[in-house]
Amino acid sequence: MSTSHLDRVFTNPTSRGRRREHMGLLTEATRRAGSYVANSPHRPVYPSPEAVAALDAFRTPLPDGPREPRDVLRELDEVGSPATAVLNDGRYFGFVTGGTVPVASAASVLAGAWDQNVGGGSPVGEAIDQVACQWVVEALGLPSQSVAAFNGGATVANLTAIIAGRDALYSRLGWSVADRGLAGAPALRVVVGDEVHASALKALRLAGFGESQIERVPTDHKGAIRADAFPTDTDDRTLVLLQAGNVNTGASDPFTEIIPGVRECGGWVHVDGAFGLWAAASETRRHLVAGVEEADSWATDAHKWLSVPYDSGIVIVRDGADLHRAMSGDAAYINFDESAPMNRGIQISQRARAVETWAMLATHGKSGLAALIDRHCSLAQRFATALADAGAEILAPVALNQVLVAFGDEAETVATIAAIQADGTCWAGTTVWQGRRAMRVSVSDVATTADDVDASVNAMLAAWRSVRADTSAATAPVVNTR
Ligand SMILES: *Cc1c(COP(=O)(O)O)cnc(C)c1O
């Protein structure tokens with residue numbers, strides 16, 4: 001019987017054979033990854049129904065025994081790669097997903113080989129985490145003493161900040177959540193905008209706030225809170241959630257008009273800036289989020305506009321003591337260092353995800369980051385202008401990198417989006433904006449060029465023409481939820 005890879009790996013775990021096996025597999029995976037990238041332009045931006053159907057090849061019972069890793073990698077590539085949405089080649093405009101900068105994707109390969117656990121025992125993981133957190137705070141123009149932490153995404157970042165704010169408000173009221181829990185605690189008041197992101201509502205629910213406790217403030221035609229409708233009687237039991245970057249329009253709430261008043265009365269202001277907060281990194285767009293630095297806490301994503309791989313959110317809290325009060329795990333665990341990542345967030349064990357953000361910022365610097373933000377904003381404007389020139393309706397002013405489009409009436413819009421998605425030149429999803437169905441275009445992939453925008457506009461207009469020629473062509477499009 002020939003030796004299986006498990007024999008090769010396990011009979012002598014320190015052997016050269018084990019290392020050779022590992023090196024060979026990493027090289028093979030990297031080769032396949034490189035060829036995936038090389039072939040991206042030849043794939044439809046959203047996979048064909050045939051490629052999706054072929055995923056059935058994965059749906060087998062758990063194997064009885066070992067298989068060659070190389071065969072498993074080949075299957076992953078041959079069956080999996082054709083069924084990917086191509087997020088990294090410039091023509092995917094769904095959600096606000098972003099496409100990675102090459103260096104961040106490459107750094108994640110190296111960090112994967114490192115296999116570090118930033119939850120404990122990784123000097124390099126902790127060092128890079130700390131530097132990347134500082135760089136992010138600086139890039140966003142937030143108060144320099146703020147404490148940041150990486151996590152899985154803006155939803156987790158929102159949750160972390162909401163818990164920190166909740167516990168800080170309670171602490172000032174003389175109620176320790178750590179000692180007494182929430183049952184019987186004085187009620188807090190939660191104020192959000194009508195256009196609050198679903199992620200923030202989910203985070204509120206996870207933090208113990210139900211729908212009936214949440215007050216909604218009306219928003220304007222851009223999707224920003226109307227300052228004149230904001231309650232004037234907020235107090236030291238008020239938790240306010242504002243938004244930098246409405247997911248549909250990119251508009252931000254009027255921070256300068258709201259934040260100082262809430263904080264003067266002892267309330268807590270959290271800002272969900274999953275993508276929009278990055279406007280602060282550009283000299284020419286910073287005014288769009290003016291005053292955001294006055295808040296108590298912020299949530300953002302690195303995996304959206306900062307263009308690093310997924311599973312990368314960041315929470316930032318003005319006063320580190322508020323974050324540590326809520327997140328410190330040292331009662332149960334052995335790391336008493338307040339600055340350790342596990343004492344700044346929900347997770348204990350975690351991969352060294354900050355490596356990707358560090359690599360992105362190290363290669364771009366402040367000016368490179370600003371140029372990326374500016375370029376996406378102008379490409380979004382290019383989309384809006386070209387589509388409007390052709391008769392499509394742009395439903396809200398383009399504030400950042402998001403464009404909202406309607407093609408004729410509701411039925412025609414829905415059918416046109418479906419036709420665009422089926423065509424495969426580009427991909428954009430649908431959303432509902434102030435009661436109307438619309439297509440939302442998010443320019444957040446570093447690979448996107450003016451040519452990509454022009455080719456995508458042409459494909460969109462061709463799809464619209466085909467729908468007008470044959471109004472029975474509609475199938476249900478995929479709805480944007482993020
Ligand atoms: C995307 C988004 C979120 C959720 O972020 P995840 O990284 O998907 O958890 C929250 N708020 C806003 C405004 C967003 O655009």
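Ligands are counted one by one from 1 in listed order, and the atoms in each one are counted from 1 as well. Note that the structure is a prediction, hence the values are computed from the model and not measured.
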Open item on the list: Side chain, backbone, both or neither: which applies to Asp301 and ligand 1 if a contact is any heavy-atom pair less than 4.0 Å apart?
Closed with: side chain

TODO: Select one of side chain, backbone, both or neither to describe which atoms of Phe95 lie under 4.0 Å from any atom of ligand 1, heavy atoms only.
DONE: neither

TODO: Considering non-hydrogen atoms only, spot the tightest contact between Gly98 and Tyr310 and give its length.
DONE: O-OH, 3.1 Å

With heavy atoms of [X] as the reference, note each atom of ligand 1 found under 4.0 Å away.
X: Gly153; value: 7 (O), 9 (O)
X: Phe275; value: 15 (O)
X: Lys304; value: 1 (C), 2 (C), 3 (C), 4 (C), 5 (O), 14 (C), 15 (O)
X: Ala274; value: 2 (C), 3 (C), 10 (C), 11 (N), 12 (C), 13 (C), 14 (C), 15 (O)

Open item on the list: If I take atom OH from residue Tyr46 and atom OH from residue Tyr92, how far apart are they, to the nearest 0.5 angstrom?
Closed with: 7.0 Å

Polar atom proximity, [X] to ligand 1 (N or O, under 3.5 Å):
X: Ala154; result: yes
X: Ser199; result: no
X: Gln243; result: no

TODO: Keeping the roles fixed (side chain from Arg440, backbone from Val96), state whether a donor-acceptor pair exists under 3.5 Å.
DONE: no

Task: Any donor-acceptor pair under 3.5 Å from Asp445 side chain to Gly90 backbone - done: yes

For residues 261-274, which side-chain donor-acceptor pairs fall under 3.5 Å, sequence neighbours excluded?
from	atom 1	to	atom 2	distance (Å)
Arg263	NE	Asp296	OD1	3.0
Arg263	NE	Asp296	OD2	3.2
Arg263	NH1	Glu294	O	3.4
Arg263	NH2	Asp296	OD1	3.1
Trp268	NE1	Ser297	OG	3.0
His270	ND1	Ser297	O	3.4
His270	ND1	Ser297	OG	2.8
His270	NE2	Asn158	OD1	2.8
Asp272	OD1	Ala274	N	3.2
Asp272	OD2	Asn158	ND2	3.4

Open item on the list: Side chains of Thr100 and Ser105: any donor to acceptor distance under 3.5 Å?
Closed with: no

Donor-acceptor list for residues 203-214 side chains, cut-off 3.5 Å, not counting sequence neighbours:
from	atom 1	to	atom 2	distance (Å)
Glu211	OE2	Arg216	NH2	2.9
Gln213	OE1	Gly210	N	2.8

